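Here the structure comes first, spelled out in structure tokens, and everything after it is commentary.
All figures in this text were calculated on a predicted structure; none of them were measured in a lab. Chain letters run A, B, ... following the sequence lines, proteins first and then strands; every chain starts at 1.
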Protein chains: 2
Amino acid sequence: MTQADNAQDDSGVDIGLGLGLAPMSVPKSSDVLANHLRQQILEGKLVEGSALPVERALATSVGLGRQTVRDALRVLEIEGLIVTRPGRAGGSFVRRPDTATFERTLNVLVSGRGVKFHSLLEAREGLEPVAARLAALHRTDDDLVALDRVAAKMAESRGNVPLFLQCNVEWHVAVGAATHNEVIEAIVNSLSKVILRSTDIEEFNSEETMGATLEAHSRILKAIRAGDADKAASSMSKHVHVYRELVENLNVPEDIPM
Amino acid sequence: MTQADNAQDDSGVDIGLGLGLAPMSVPKSSDVLANHLRQQILEGKLVEGSALPVERALATSVGLGRQTVRDALRVLEIEGLIVTRPGRAGGSFVRRPDTATFERTLNVLVSGRGVKFHSLLEAREGLEPVAARLAALHRTDDDLVALDRVAAKMAESRGNVPLFLQCNVEWHVAVGAATHNEVIEAIVNSLSKVILRSTDIEEFNSEETMGATLEAHSRILKAIRAGDADKAASSMSKHVHVYRELVENLNVPEDIPM
DNA sequence: CTAGGACTTATGGCCTGACCTTTGTACCAT
DNA sequence: ATGGTACAAAGGTCAGGCCATAAGTCCTAG
């Protein structure tokens, strides 16, 4: 907005001579290529697993240098749309983006903007009940099996704080999967992992806390199993609220590490 | 998970001889450099706006080729951590990541995984009330001024459906900003924009619908102004629920375009 | 003395061409 | 069969250059 107004001279008169003249941006050729390929992939013209042309062939076919092509492919790789392997029979292959890319972006956002730990917990306190509600509405029998398995694993890991916390994340991830809503799943999972990354050193997990956590999970899972959306949401709400108060009254690092 | 198990032979016995042997990955040098620079930036050792060394200097100082350095910088650029400008006095400058990167990632996730329009609306129905609640709790007077301004602009744009929808997004974005929770803000804003991108052609916005929307916004804003979190959440919940039913009973494109 | 234009310079964008590294395949020797 | 050697195909990296862009510098016309 600062240097976009230079289509007008000092008198403020449009100098474009009545034509549709505006300060035009000259995109990098690698971006043009990246956008083109991204569109092809997202439109489904390149199905998952199919191979893109090899770099040298792509370069000659689009009339650009190999480095430029590599630049474009790198963009798609970062976005999680392709995976690139070296070696014979290597190349770039179309890939379905998964939660990992989303998680990395959230990480960068949180660290880069100095988001407070409090804000993360607050967000989670708001979002997890939503996930629990949708899980209660949409969960399948398979989801319940998975949740039971994680819950059992978690119960066994009492005493091993890092493992317990890891299982805790897995449990929340399993709830996210049970929502069968990939947006909610991605958000909640990423948030859980980011919070874990800022929390695993803490020693707040006493034997008593672990027991309370297991009981809360049990209550939530029961509601999810019964398909009781309101109960699942309220139980989850109470659970994450207690968790937040516990953490905040104990140790307030404020800033997220790394 | 498919080819990660080749540390075991056919008999399923760990061949690692008791050492910590696992299939190890050899990172690309450009990734190593990118990770290093990212860490420097996220640790705050490079404050916003400060310039990185120019490409040629960076290349010689780390002992890598210029192309490799460019590759690393490109990664950071995609992640929104730096901007890079050509020309004299150009170069790469540290930047605070903003919502835009997050939005792009959400876009890719939605399009790439073929997330149903229904899921987007469902997610929004769950998340917007959370935002409204936090907005009621944390809004400042400035936030209220901004919300009033957007609401007024929106009321004026009745009859111009695209503009009305655009203002609608702006209103929800303003609510997100009023939460003063950057995580919630990023999520809700991105979701609104993605939904808009899949909606703007629709002709469902009758005069009657617009009126109802404005009234709902008015009720929500009143609750936010009063600091009534429960009221804000429930009003918003009703609003987005009505919106969803309206859209879904009218036209179900199922898949998100592009 | 000032305004505008021509030159200079520093920087990223892009190209060509080469070499190295990784990986898969085929073939051969033990 | 087992292992080794050679080859081939692809990405990864480097070197050096030229072009495009944008900011500074200087010089001249008015």
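- The CD-P distance, from B:Glu55 to D:dA20, rounds to 18 Å in whole Å.
- B:Gln67 comes within 4.0 angstrom of a nucleotide base, judged by non-hydrogen atoms across all strands.
- Along DNA chain C, the nucleotide nearest A:Pro27 and the nucleotide nearest B:Gly87 are compared for position; the residue whose nucleotide lies closer to the 5' end is B:Gly87.
- When the side-chain nitrogen and oxygen atoms of B:Ser29 are compared with OP1 and OP2 of D:dT13, one or more of them lie within a distance under 4.0 Å.
- Contact of B:Arg66 with D:dG17 (side chain to base): a donor-acceptor pair of N or O atoms is detected under 3.5 Å.
- Residue pairs meeting the salt bridge (Lys or Arg N to Asp or Glu O under 4.0 Å) criterion with at least one partner in residues 164-190 of chain A, sequence neighbours excluded, are A:Lys153-A:Glu170, A:Glu182-B:Arg113.
- No hydrogens or angles considered: a donor-acceptor pair under 3.5 Å links the side chains of A:His138 and B:Glu122.
- Taking only distance into account, the side chain of B:Arg56 never meets the base of D:dG16 through a donor-acceptor pair shorter than 3.5 Å.
- Between B:Phe93 atom CZ and C:dT11 atom P there is a gap of 10 Å when expressed in whole angstrom units.
- Contact record, B:Cys167 with B:Val150: O-CG1, 3.8 Å, taken as the closest heavy-atom pair.
- In this structure, B:Gly65 reaches the sugar-phosphate backbone alone: every heavy-atom distance under 4.0 Å involves primed, P, OP1 or OP2 atoms, never a base.
- A:His180 and A:Asp143 share a side-chain donor-acceptor pair at under 3.5 Å.
- B:Ser30 and A:Arg74 form a side-chain donor-acceptor contact under 3.5 Å, judged by distance and modelled atom types alone.
- If you take CG of A:Leu33 and C1' of C:dC15, they are 15 Å apart, rounded to a whole angstrom.
- Put simply, A:Ser30 has a side-chain N or O that comes within less than 4.0 Å of OP1 or OP2 on C:dC14.
- Summarising the geometry of B:Ala57 relative to B:Thr60, their closest heavy-atom pair is O-OG1, 2.9 Å, with the distance given to 0.1 Å.
- Remark: P of C:dG12 and CG of A:Asp71 are 14 Å apart, rounded to the nearest angstrom.
- Looking at residues 72-82 of chain A, you'll see that no heavy atom sits under 4.0 Å from any atom of DNA chain D.
- Residues satisfying the side chain to side chain donor-acceptor pair (under 3.5 Å) criterion with B:Arg96, sequence neighbours excluded, are absent altogether.
- Nucleotide C:dA10 holds its P atom 6 Å from the CZ atom of B:Arg88, rounded to whole Å.
- One atom, NZ of B:Lys28, and another, P of C:dT22, lie 14 Å apart when rounded to the nearest Å.
- The phosphate of C:dC15 has OP1 or OP2 within less than 4.0 Å of a side-chain N or O from A:Thr68.
- Summarising the geometry, the separation between CZ on A:Arg70 and P on C:dT21 is reported as 16 Å, rounded to the nearest angstrom.
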